[in-house]
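Below: one structure, written as structure tokens.
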Amino acid sequence: MANTHALVIDDSRAMRLILSDLLQQLGYEISEAGDGQEAMARLEGGDTLPTLALVDWNMPVMNGLEFIRAVRQQPCYNGMKLLVVTSEAEVSQMVEALTAGADEYLMKPFSSEALACKLEMMGLQRTERA
Amino acid sequence: MSCISENSYLTLCALLSDQIALSLPADKVYLAEARLQNLASQHTRGDINALIEKASTVAEDALRTELVEAMAINETYFFRDPILSESFLDTMIPTLLDKRRADKTLRIWSAACSTGQEIYSVAMLLDQHFPQLRNWQVTLIASDFSQSALSKAKQGCYGLNEMNRGLPARNMALYFEQQGLDWQIKTEIRERIRFEKINLIREWPEELPLFDIVLLRNVLLYFSMDDRLRVLRRVREQTVSDGYLLLGATESLEKSAGFIPAIPRSHRPFFQPV
Ligand SMILES: C[S@@+](CC[C@H](N)C(=O)[O-])C[C@H]1O[C@@H](n2cnc3c(N)ncnc32)[C@H](O)[C@@H]1O
């Protein structure tokens, strides 16, 4: 399937593994990056735009918010959805992320069901749920 | 872990069917064991068979209530199924805004509201998309038989798991306040809702108004066919003739229930009185 490529951006290798695993189960192809800058480099170097990027908030070099701002400044990346995945559960931060151009916000820790539910809300995952 | 004997299971099934019309399939013994373990340790030293027996004696009203509440399936989440938003935004509210413009009243009932996510989703939808309703008289009633579900609904306080399921981040930022690790829906939304204890298979309060919209979602699927029809007929009487009924995504309707699809030939769980 085309159109199911996710970029997982998190400085924790463990977290990247968990997310990649869950997304693979949902049928996504995965690429990974350890911070915002590495993620930008992947976008610039890649042939196709990922459908979705999962963005951690606190990361070295270029953090989640900076990444979101950088991505949303470039119209060629408009087709990519941005899901912030973070343990920062402050309303002010959520507002900051949304204002910067994030599409959704998922708080850690989360269940696989919650992730699938968010993707569905973002128009990405149509699961026929009971 | 104590196991439920065949006899006790039959007693339990009869009790649940009698109290809330829950028809428990024969293969759900493990579920009953898991759900009743706690109560049994509090009341009958962990013995579930003894618990069931005790709860079915006449004098044990309070225990029986606890047991029935423990067995009820409360699963729910914000903005459950796309049909909820779609039907409100595209059809029901636009139509009713027009039809009720003279008396400016709107009455909505979440008839098995569980812990409140459904009615709060509706309240948020109305607030966000229909500001003109602010000078209407909008009645939002949410009911359930379960006192424990209702208390939680009234509080409107949710943990991370519940907040992560179905609630758009925008709504979270707009309508919720952090309370330690939990999130509480803002008072101004909470105050718009009237919570009532109503068992669908018992008497309904006399002062219950006629409704423009009834949400009866993911509750009838646990009922026997007879109970289902009985409840639907009463819901029909409680719905104005140009009102609407929403069921759960996987639920369908018998014709004799008095409702037909609101969108002709569609298979959506969205109906209007015949
Ligand atoms: C699975 S939840 C559905 C909640 C919500 N309507 C939804 O669709 O997400 C079912 C709810 O129905 C309630 N319920 C079950 N039997 C009932 C009865 N006889 N009268 C009133 N409520 C009942 C349960 O307590 C539970 O909260």
Side-chain angles (χ1 to χ4, degrees), chain A residues 15 18-19 22-23 26 52-57 64-65 67-69 71-72 80-130, chain B residues 25 73-86 89 114 117-118 121 124-125 128 157-187 189 217-222 247-252 267-269:
Chain A
M15 197 60 213
I18 294 174
L19 282 170
L22 289 174
L23 287 163
L26 295 171
L52 162 73
L54 286 85
V55 190
D56 183 22
W57 193 258
L65 184 62
F67 172 77
I68 292 169
R69 288 195 176 128
V71 164
R72 286 304 180 229
M80 181 172 67
K81 302 261 165 126
L82 300 176
L83 172 62
V84 177
V85 184
T86 173
S87 41
E88 307 294 323
E90 290 278 335
V91 170
S92 55
Q93 238 153 45
M94 206 174 292
V95 172
E96 218 170 2
L98 293 171
T99 313
D103 295 285
E104 265 299 333
Y105 200 96
L106 183 65
M107 297 181 286
K108 294 179 200 167
F110 57 86
S111 62
S112 56
E113 205 167 14
L115 175 64
C117 196
K118 280 283 169 195
L119 298 183
E120 192 180 339
M121 284 163 61
M122 295 164 74
L124 290 173
Q125 195 75 28
R126 273 270 152 175
T127 45
E128 291 307 321
R129 228 161 344 132
Chain B
I73 292 127
N74 283 327
E75 156 100 347
T76 186
Y77 46 93
F78 289 107
F79 296 96
R80 184 174 195 170
D81 309 325
I83 188 72
L84 183 74
S85 306
E86 282 170 28
L89 298 183
S114 188
Q117 284 91 328
E118 180 174 271
S121 302
M124 287 185 274
L125 276 177
Q128 225 174 350
C157 235
Y158 302 96
L160 260 194
N161 265 333
E162 295 157 316
M163 295 300 286
N164 267 336
R165 273 191 88 187
L167 188 69
R170 219 162 282 281
N171 289 56
M172 192 161 160
L174 268 176
Y175 295 109
F176 285 80
E177 278 161 356
Q178 265 168 300
Q179 302 282 355
L181 288 178
D182 284 344
W183 297 73
Q184 187 171 35
I185 190 140
K186 288 187 177 164
T187 319
I189 298 288
R217 305 166 75 223
N218 303 297
V219 57
L220 294 185
L221 72 171
Y222 304 112
L247 298 182
T250 57
E251 297 173 295
S252 56
H267 294 286
R268 325 290 318 261

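In what follows, chains are A, B, ... by sequence order, proteins preceding strands, each numbered from 1.
- Interface residue Met107(A): backbone and side-chain heavy atoms are both found under 4.5 Å from chain B.
- Residues Leu160(B) and Lys108(A) come closest through the heavy atom pair CD1-O, 3.4 Å.
- The CD atom of Glu113(A) sits 7.5 Å away from the OH atom of Tyr77(B) when rounded to the nearest 0.5 Å.
- Taking the side chain as every heavy atom from C-beta outward, Cys117(A) and Asn164(B) never approach each other to under 4.5 Å.
- Side chain of Lys118(A) to backbone of Pro168(B): no donor-acceptor contact under 3.5 angstrom is found.
- The environment of CZ in Arg170(B) is sparse: at most 12 heavy-atom neighbours from other residues, nucleotides or ligands sit within 6.0 Å.
- Checked against salt bridge (charged side-chain N to carboxylate O under 4.0 Å, His left out), Glu96(A) has no partners two or more places apart in sequence or in another chain.
- Residues Val91(A) and Trp183(B) come closest through the heavy atom pair CG2-CZ3, 3.4 Å.
- In terms of heavy-atom proximity, Val95(A) sits nearest to Ala173(B) at CG2-CB, 3.8 Å.
- Leu167(B) touches chain A through its backbone: at least one of N, CA, C or O sits under 4.5 Å from a heavy atom, while the side chain does not.
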